[in-house]
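Encoded as structure tokens, the structure appears first; notes follow it.
Each chain gets a letter, A, B and so on, in the order the sequences are listed, and its residues count up from 1.
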Amino acid sequence: MTILAQLIQSLADSLSALGLPRRDIKLSPPNNPDFGDFATNVALTLAKDAGTPPIQIANDIKDNLDIPTSFIEEVTVTPPGFLNFKIAPAYYYQILSQILTDKYFGRGSSGKGKKANVEFVSANPTGPLTVGHGRNAVLGDTVSNILEWNGYEVTREYYFNDAGRQMRILGESVEARYFEILKKDSAFPEDGYQGSYIKDIAQTILKEKGESLRTSDPIFKEQAEKTIFADIKKSLINLGIHFDQFTNEKTFYENGDIDRFLEELNAKNLIYEKEGATWFRATALGKDQDRVYIKSSGEPTYRVPDTAYHRDKINRGFDLIIDVFGSDHTDAYPDVLLALEALGEKTDNIRVLIYQFVTLLRSGEKVKMSTRKANFVTMDDLVDEVGADVVRYFFIMRGMNTHLNFDLDLAADQSEKNPVFYLQYAHARICNIIKHGKAVGISTNSEYNPTLLDNPAEIRLLKKLEQFPSVVENILQTLEPQAIATYLHDTANFFHKFYAECRVITDDTDLTNARIALVSATRIILANGLGLLGISSPEKM
RNA sequence: GCCCCGGUAGCUCAGCUGGAUAGAGCAACGGACUUCUAAUCCGUAGGCCACAGGUUCGAAUCCUGUCCGGGGUACCA
């Protein structure tokens, strides 16, 4: 039981002893450290119903409080009615040894024995991964890391479609370039993919298959898909991302899932024909409008295989299913869930993460991105220019709900001042201290007396380290990994301040050992946190 | 029209499950390297948290409305 849980329990006991209704008791660190380490507002929330001034209630609670542990040093009441708790340094000292003996400090067990599926990227192989996909990729991979850290067995999955309209046009685009090279007449498709990579693929086909290919040869699409997918996988590896499974939507046509799914909906009278198309009767389930399932051309819309795919994921028995989508899917996924529910599937373990689009700025101007028009900045370009660590940090340090402005000039320029270096530098600095210590005969395994760490900068850093488990645990609920970036920045900041104020390796052996313990623990937290973000922890910079 | 996101320092953004004095980085200005790494630290300056109402002991945070920006509302995905 954590110290917080103990405190909440004894507060609850105090409330019932006073005959006050039990409330959700929240303890949080106040902004102003003068008020202590934790504060609660229970008295304020109870005051109105009790008809008693909050400050009086707070005092009553305090007087009835059976302090659960010696770690609580002081309880105070401050206007307008907060109860504040000061935690003894001994508590934080003991955290230090926890970190040093358990290098997985902060690892939760709530996902133990559970399986999770995270579907992300899922870009069709029509072109290279762009910066827009990068946000998706980094978000999905980081969330996966956090789940794993909490004990989940995670399947990272990439879902794609090589049978639809996009891919057909891709094949036609390659074909047109092929004949163009041969100086034969060929109309470039109206919505064709204009990128130079299409010409490269056509060149490759020409080299390998000769000049005699005919119109509509399947090789055009096949070669394009193969080449582009290989590039995509390489780009992902450049970002440190690997997938456990690639699932093709074609599977669900071939194995009959889609037919079955449509039949079942039909049996429930949720499908009908109109104007040559097949419609899903979403209005019968409370939506504003019905949706087309099968176009009059005979092609299903994306909702159909998507729904079958999600049903497949449900059937595979995951405890948690996460989808990472761009904001253009905001309106689409509710239809998928709706259809699943109509078929009696449970969808409450599906979490959909919607991230807002990245706006690219170059020379202060917006770059309008379009894969089709080949007006894009690829992930590879970006990674080449600034490195994977910077790219990952840049994408994860902002909340997924924010419309991220990505200034390309700044990103390229920023290599010296990029915020990620601030974190890595703290780690490298610690490594260097430890290295220096070793050179003068200081071991990281020495006995140490933590009570020597009484400098405010030391205490502040310790308290920050103590927060790591709760930060990670909270992200498991919110699935908003930017909190790790914020936390690590604070931690690095407190370390740098400590560094400026306290010298670690000195003639004072006892103090040196204590400080070595502190910086070693800080290093572990930084490395673990950076690891969760998929960012390296360099030993020197 | 309707739906989803956002609007916080000059710029990019944290903070948003209501708390006490609203933060960081960059940009600006002024300091600190004979020391374990100055990719750092210290200091100054910078704000009607878009606007208007509401809820309450208390609002950047919750509700309503307005304005601005992005996305969706396609027989595109």
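- Among the atoms of the strands shown, none is found under 4.0 Å from any heavy atom of A:E501.
- Looking at heavy-atom distances under 4.0 Å, A:N401 makes contact with sugar-phosphate atoms alone, never a base.
- Salt-bridge formation is detected for the pair A:D37/A:K463: a Lys NZ or Arg NE/NH1/NH2 atom is positioned less than 4.0 Å from an Asp or Glu carboxylate oxygen.
- Atom pair A:F325:CZ and B:C4:C1' shows a separation of 15 Å (rounding to whole Å applied).
- A perpendicular orientation is assigned to the rings of A:F243 and A:Y158, their planes being inclined by more than 60° (bins at 30° and 60°).
- In this pair, A:Y422 and A:H489 present their aromatic rings parallel. The plane angle is below 30°, not in the 30 to 60° band.
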Filtered N/O pairs between nucleotides 41-46 of chain B and protein, under 3.5 Å:
from: B:C41; atom 1: OP1; to: A:Y422; atom 2: OH; distance (Å): 2.4
from: B:C41; atom 1: OP1; to: A:N493; atom 2: ND2; distance (Å): 3.3
from: B:C42; atom 1: OP1; to: A:K497; atom 2: NZ; distance (Å): 2.5

Writing each nucleotide of RNA chain B 5' to 3' as (, ), [, ], | or . by Watson-Crick or G-U pairing under 3.5 Å yields ((((((((.[[[[.)...(...]]]].(((((.......))))).....[[[[[..)....]]]]])))))))....
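- Nucleotides B:G1 and B:U66 place their P atoms 9 Å apart, quoted to the nearest Å.
- A:D290 and A:R281 are not joined by a salt bridge, as no carboxylate oxygen comes within less than 4.0 angstrom of a charged side-chain nitrogen.
- Taking only side-chain atoms of A:T330, from C-beta outward, the nucleotide of B:C13, B:C36, B:C4 with the closest atom is B:C4.
- Within 4.0 Å (heavy atoms only), A:S296 reaches at least one base atom of the nucleic acid.
- Listed nucleotides B:C36, B:U73, B:A20 differ in distance to A:Y499; the shortest reach to its side chain belongs to B:C36.
- B:A27 and B:U12 have their C1' atoms separated by 11 Å, with the value rounded to a whole Å.
- Separation of the P atoms belonging to B:C51 and B:U56 is 23 Å when rounded to the nearest angstrom.
- Contact between the side-chain N/O atoms of A:K438 and the OP1/OP2 oxygens of B:C36 is not found at any separation under 4.0 Å.
- Nearest to the side-chain atoms of A:D331 among the listed nucleotides B:A77, B:G72, B:G19 stands B:G72.
- If you check every strand for non-hydrogen atoms under 4.0 Å, A:A47 touches nothing.
- The side chain of A:Q356 places no N or O atom within less than 4.0 Å of a non-bridging phosphate oxygen (OP1 or OP2) of B:G69.
- One atom, NE2 of A:H403, and another, P of B:C5, lie 10 Å apart when rounded to the nearest Å.
- Taking atom CG on A:D290 and atom P on B:A74, their separation rounds to 11 Å, with Å as the unit.
- Taking the six-membered ring where the residue is Trp, A:W279 and A:Y272 present parallel rings, their angle staying beneath 30° rather than reaching 60°.
- For A:E458 and A:R515, the salt-bridge test passes: some basic side-chain N is under 4.0 Å from an acidic carboxylate O.
- Within the 4.0 angstrom heavy-atom criterion, only backbone atoms of the sugar-phosphate kind lie near A:Q482; the bases stay farther away.
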Test salt bridge (charged side-chain N to carboxylate O under 4.0 Å, His left out) applied to A:K313 and A:E157, step by step
CA-CA 10 Å; A:K313 284 197 281 192; A:E157 188 155 329; 5.8 Å; no
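- We find that A:R168 and A:E172 are joined by a salt bridge, their nearest charged nitrogen and carboxylate oxygen being less than 4.0 Å apart.
- Nearest approach of A:D331 to A:R303, heavy atoms of both residues: O-NH1, 4.4 Å.
- Taking the 5.5 Å centre cut-off and the 30° plane limit, the aromatic side chain of A:F357 is not classed as stacked on B:G71.
- Across the protein-nucleic acid pair, A:N41 atom CG and B:G18 atom P stand 9 Å apart, rounded to whole Å.
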